[in-house]
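What's counted below: heavy atoms across the whole structure, side chains too, no hydrogens, waters or symmetry copies.
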Amino acid sequence: MPPRTRYDTISEIAKRRGFFWPSFEIYGGMSGYVTYGDLGTKLKRSIEALWKEYFVRKQGFLELDDPIINPERVFEASGHLENFKEYSAECTQCGRSFRADHLVEEKTGMENVEAMGGEAIKHLMLEHRIRCPNCGGELKEPVLFLPMFKTEIGATGGEVGYARPETAQAMFLNYKRGYQHAREKLPFAVAQSSKVMRNEISPRRGAIRVREFTIMELELFFDPQDPGCPWFREVENVVIKLSTEEMEAKEVKELLETSIGEAVEDGLILTEWQGYFMGVSQRFITALGMPPEKQRFRAHLPDERAHYSAQTYDHEVLFETWGWIEISGCAYRTDFDLRNHMEASGVDMTVLREDGTRYVPHVVEPSYGLDRLFLSVLEATYERKQKRNILHLPRELAPYQVAVFPLVTKDGLPEKAREVHDLLLDKGFWVVYDEAGSIGRRYARADEIGVPLAVAVDYDTLKNDVLTIRDRDTWKQVSLSLAELPGVLEAYFKGEKDFLDLGTLVIRG
RNA sequence: GCGACUGUAGUCUAGAGGUAUGAUUUCUGCCUGCCACGCAGACGGCCCGGGUUCGAUUCCCGGCAGUCGCACCA
């Protein structure tokens, strides 16, 4: 058996404690789907809330919530029906599959064969007698694979619909509303966190590649003649590690360490807006617990890029088990989408400049896979210490904020601890109460799900309302009075106080 | 989708053609004056379907699922 990986351990805890597990378990499971439990749901929501802090609230950007199933013409206009598909040809001998258009390109030197369509590809394969590159066997006719879920809308089934593979189209479809609600001023942005679906051929790596997941993305609309970002100065000194398109093409292994400001100045990042979002992204991911040295930005080569993109930088984080994993893409989509929807719908989406000229806004899009961020948080914060599992979740992400324990289960301590528990619930905290087993075991149970603070009720509490708070990360304890407790906890979770400021340090033993 | 390996309590495991080992978790007592203490007890399992067999969780075939490799990942 292969050795146990960090991901094995994390997914074992995830199942056992209720972060996430494979969906449809009782019917044998279905790959590509995961279900989030109590802890997982809460953690996911708090990651989303933090994303909103970094990408929506402070900039005054707008939000949107749009349907998952879209009529076919949306994806005709967006180019997905044309581009988001592939032709695969299977070998009759060895059974391997290959992309038919790529085989034709290799043999003939032609480019963008995919766009020629299925019939043309079939003819070219026959014409050039293309055989299996693996074993030389005969290839079957190429079959079209469209990784979008197709359905019918309405009882008569007359209207074909697809589940969206990205949320971005919603921001383009509703562009005119957003423009109106932004009081017809550019730049503005519309953000959405919602589910999308992709019919992956072979989902892998647990929750890393699934068929249904949450995307958090925003579309920033700007005038290409006025491409400055008003907040660029806030991030220009953020240092990132970069692999540029040129470096990717030359397969340079080392990363370029540079500031956002320099990278934009040197033309490595095409627009200030991309630079801005990449800088914010680095800060956001760091706030999730992933240190900067485990982050990098990697440019897409033209053939890797989406059909709409002029430049894309993936933000990647380092997983012990898998290496670098993409958690975000920051794409310069130009005016591709608005232009296509304008043409297809006949609706004018241009903006009038002061000099009387009109233009179609350009778009920069930072886009996150929430489920991958979720795994990144577990990856970044999990620690095995003295045979115990500890999740060093940032305090603003922790599903439960405070655990309350009686020191021992006698002499009225449980009753007193219940009172403290109820008080904290009334004050709005997420609290767990635990009196099973020894207090050490309860600390361990709370550590495993990342509860940052544990309040212990002991004989001093009975005597004079003094209790202790124990820190998950250092195991240090401070003491304070019950009356102070709600106030200092609030300050702690707002980030206004550090643990040692919460009370008087207790030295035991 | 193809190939290799794998599938046993909630979790992690041992094992054999005659329904199964151990640990841990959980629960109940006792204990416990601060880091998974100890004692006693309880709950709980052979992925699904077919075949061979007196008998299959074990062998064979298929499915489903997992890991890895190939392909794919806008």
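The base-pairing partner of U28(B), taking Watson-Crick or G-U wobble contacts with both distances under 3.5 Å, is A40(B). With both pairing distances under 3.5 Å, C59(B) is matched to G51(B) as a Watson-Crick or G-U wobble pair. Using the Watson-Crick or G-U wobble rule with both distances under 3.5 Å, G3(B) pairs with C68(B). Using Watson-Crick or G-U wobble geometry with both donor-acceptor distances under 3.5 Å, C46(B) finds no partner in any strand shown. C12(B) is paired with G22(B) under the Watson-Crick or G-U wobble criterion, all donor-acceptor distances under 3.5 Å.
For RNA chain B, the residues of residues 464-476 of chain A within the heavy-atom distance limit of 4.0 Å (strictly under) are T468(A), R470(A), W475(A), sorted by number.
The closest side-chain heavy-atom distance from Q169(A) to S78(A) is below 4.5 Å. The shortest distance between side-chain heavy atoms of R470(A) and L453(A) does not fall below 4.5 Å. Between S438(A) and V408(A), every side-chain heavy-atom pair lies at or beyond the 4.5 Å cut-off. Residues R296(A) and W324(A) are in side-chain contact: their nearest non-hydrogen atoms beyond the backbone lie under 4.5 Å apart.
No engagement by P147(A) is indicated, since no non-hydrogen atom pair under 4.0 Å with the nucleic acid exists. At the heavy-atom level, A306(A) lies under 4.0 Å from the strands shown only through sugar-phosphate atoms.
Comparing the C1' positions of G49(B) and C37(B) gives an interatomic distance of 48 Å, to the nearest angstrom.
A close approach under 4.0 Å does not occur between any side-chain nitrogen or oxygen of S438(A) and OP1 or OP2 of U32(B). Put simply, W322(A) has a side-chain N or O that comes within less than 4.0 Å of OP1 or OP2 on C68(B). Within the structure, a side-chain polar atom (N or O) of K410(A) is placed less than 4.0 Å from OP1 or OP2 of U32(B).
For the pair F405(A) CZ and U32(B) C1', the computed distance is 15 Å after rounding to whole Å. Put simply, CG on N199(A) is 13 Å from C1' on G1(B), counting in whole angstrom units. Remark: P of G66(B) and CD of E25(A) are 11 Å apart, rounded to the nearest angstrom. Across the protein-nucleic acid pair, R441(A) atom CZ and A36(B) atom C1' stand 5 Å apart, rounded to whole Å.
Distance alone, capped at 3.5 Å, is enough to place a donor-acceptor pair between the S23(A) side chain and the T35(A) backbone.
In this structure, Y308(A) does not pack face-to-face on the six-membered ring of A74(B), missing the 5.5 Å centre cutoff or the 30° plane limit.
Looking at the side chain of V408(A), the nearest of the listed nucleotides C68(B), C35(B), G33(B) is G33(B).
Here the two rings, on H307(A) and F336(A), have centers that are under 6.0 Å apart.
A cation-pi contact links R418(A) to Y433(A), judged by a cut-off of 6.0 Å to the six-membered ring centre and 45° from its axis.
Side-chain N/O atoms of T5(A) and base N/O atoms of U67(B) include no donor-acceptor pair closer than 3.5 Å.
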